[in-house]
There are 2 protein chains.
Amino acid sequence: MTSAVRRSDATRAAILAAARERFASDGYERATIRAIAADARIDPSMVMRYYGNKEKLFAAAAEFDLQLPDAAGIPRDELGAALARHFLHRWESDETLTALLRAAATNEAAAERMRELFGAQLLPLATAACPDPADAPRRAGLVASQMLGLALCRFVLRLPPVVAMTADEAAAWVGPTIQRYLTSATSS
Amino acid sequence: MTSAVRRSDATRAAILAAARERFASDGYERATIRAIAADARIDPSMVMRYYGNKEKLFAAAAEFDLQLPDAAGIPRDELGAALARHFLHRWESDETLTALLRAAATNEAAAERMRELFGAQLLPLATAACPDPADAPRRAGLVASQMLGLALCRFVLRLPPVVAMTADEAAAWVGPTIQRYLTSATSS
DNA sequence: CTGTCATGCCAACACTTGTTGGCAAAACCG
DNA sequence: CGGTTTTGCCAACAAGTGTTGGCATGACAG
């Protein structure tokens, strides 16, 4: 009966949703199993039964797909702006990324997950987009620094001027930066 | 006897140094008073006597001066590169900034401190450097997003390609970005 | 209906946390 | 020297943590 719909699937989903919310707003250590369980209106022990322990719960809650567009489908000189817009949109529509970012600051497993996400999703796109595949990692790292920095200031630190910008304004400013990191002639 | 050198000043300093180290490597919640006290080779209760409570200890440990150069002393078109280099150097020579960044991800007081730092130190420089003072906050916010993002990837998440770069390489890449955020014609 | 398994809650565990009060020794001042 | 203040440690507290095992209730197959 592995593929059947169990009655507990709703509970599992409620736990996962509550976990994402707590991890996103409180980070890994301050998000307690008890608080998550209370949000999902079940007993804390259920969380343990369905997810084993807190670490595994986080791993399940931090599962994430950036859904990056295919580099081939976008004109080379619009890639920066398109990526910037996509990132911001993705960030605003799914709190998983904020959860991951907040947790990654203090939790090594979350940081490792962030590095995996970088290597598995952003790096391939950079490799396809940049002139010399040999320095794709560095270029992807720079793109990450700008996009994660923007998310940090906007969703975590909440710097007023960064929060005040619309997503389109922010993308318009940051787009050329991403573009340069991806496709410019090598600096230095 | 307020201005005299007390015998306990060495202990106070040891506590503060240990606190900065722990906050920098563990973040606010995982850095325990007990661990800090152990590092400083004293009893946990001493931390309380000298700093009141954990919050105040963090406030004392997170005191920080960016020591930004005067915008007037630097040619306008070299400001971006100079700032990038300065930031990276400052970051590497004092772990207080890493402590502040790690803690700010999950601790509201630390985030507030980060915003103060932004408003009191980076904003004035941007106001002096950018063409129209009216959009200085936005420009300063963008600068912060890039510099904090770089620090996040390099010192907290430890993305391999970002760690592998030398400080000068990183500054060479990021410099033009900062420059554009500060002095370019308004985007969008 | 009967037996079986899934679902949920309760109570408790071992442990860690920040924090407090009291007590000994050392340092200092007259 | 005597008296006071400073510096430090010890033991303990109350609260909160992740985690566990047992017991009820419901659903469901035969």
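Quantities reported herein were computed from a predicted structural model and do not represent experimental measurements. Note on naming: letters A, B, ... go to the chains in the order of the sequence lines (proteins, then strands), and numbering restarts at 1 for each one.
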| query | Starting at CZ of Arg41(B) and ending at P of dC9(D), how long is that distance when rounded to a whole Å? | reply | 12 Å
Dump every N/O contact between nucleotides 18-22 of chain D and the protein below 3.5 Å, one line per pair.
unit_1	atom_1	unit_2	atom_2	d
dG18(D)	OP1	Ile33(A)	N	3.4
dG18(D)	OP1	Lys54(A)	NZ	3.1
dG18(D)	OP2	Ile33(A)	N	3.2
dG18(D)	N7	Arg34(A)	NH1	2.7
dG18(D)	O6	Arg34(A)	NH2	3.2
dT19(D)	OP2	Lys54(A)	N	2.9

| Considering only heavy atoms from C-beta outward, does the side chain of Leu100(B) approach that of Phe23(B) to under 4.5 Å? | no
| query | Taking atom C1' of dT17(C) as reference, at what distance in whole Å does atom CD1 of Ile36(B) sit? | reply | 13 Å
| field | Distance-only side-chain donor-acceptor flag, Ser145(A) / Gln146(B), under 3.5 Å | value | yes
| query | Between Glu63(B) and Arg20(B), does at least one N-O distance fall below 4.0 Å, as a salt bridge requires? | reply | no
| said: How many whole angstroms separate atom CD1 of Ile15(B) from atom P of dT7(D)? | reply: 11 Å
| said: Does either side chain, that of Arg76(B) or that of Thr183(B), offer a donor lying less than 3.5 Å from an acceptor on the other one? | reply: no
| query | When Trp91(A) is tested against each of Thr96(A), Leu66(A), Leu148(A) for side chain to side chain contact (heavy atoms under 4.5 Å, CB included), which residue passes? | reply | Leu148(A)
| message | Hydrogens and angles aside, do Thr106(A) and Tyr28(B) bring a side-chain donor and acceptor to less than 3.5 Å of each other? | response | no
| task | Nearest whole angstrom, please: distance from the C1' of dT7(D) to the OH of Tyr51(B). | result | 15 Å
| task | Using whole Å, report how far OH of Tyr50(B) lies from C1' of dT6(D). | result | 7 Å
| Between C1' of dT17(C) and CZ of Arg22(B), the distance in whole Å | 15 Å
| remark: Rounded to whole Å, CZ of Arg12(A) lies from P of dA6(C) at a distance of 11 Å
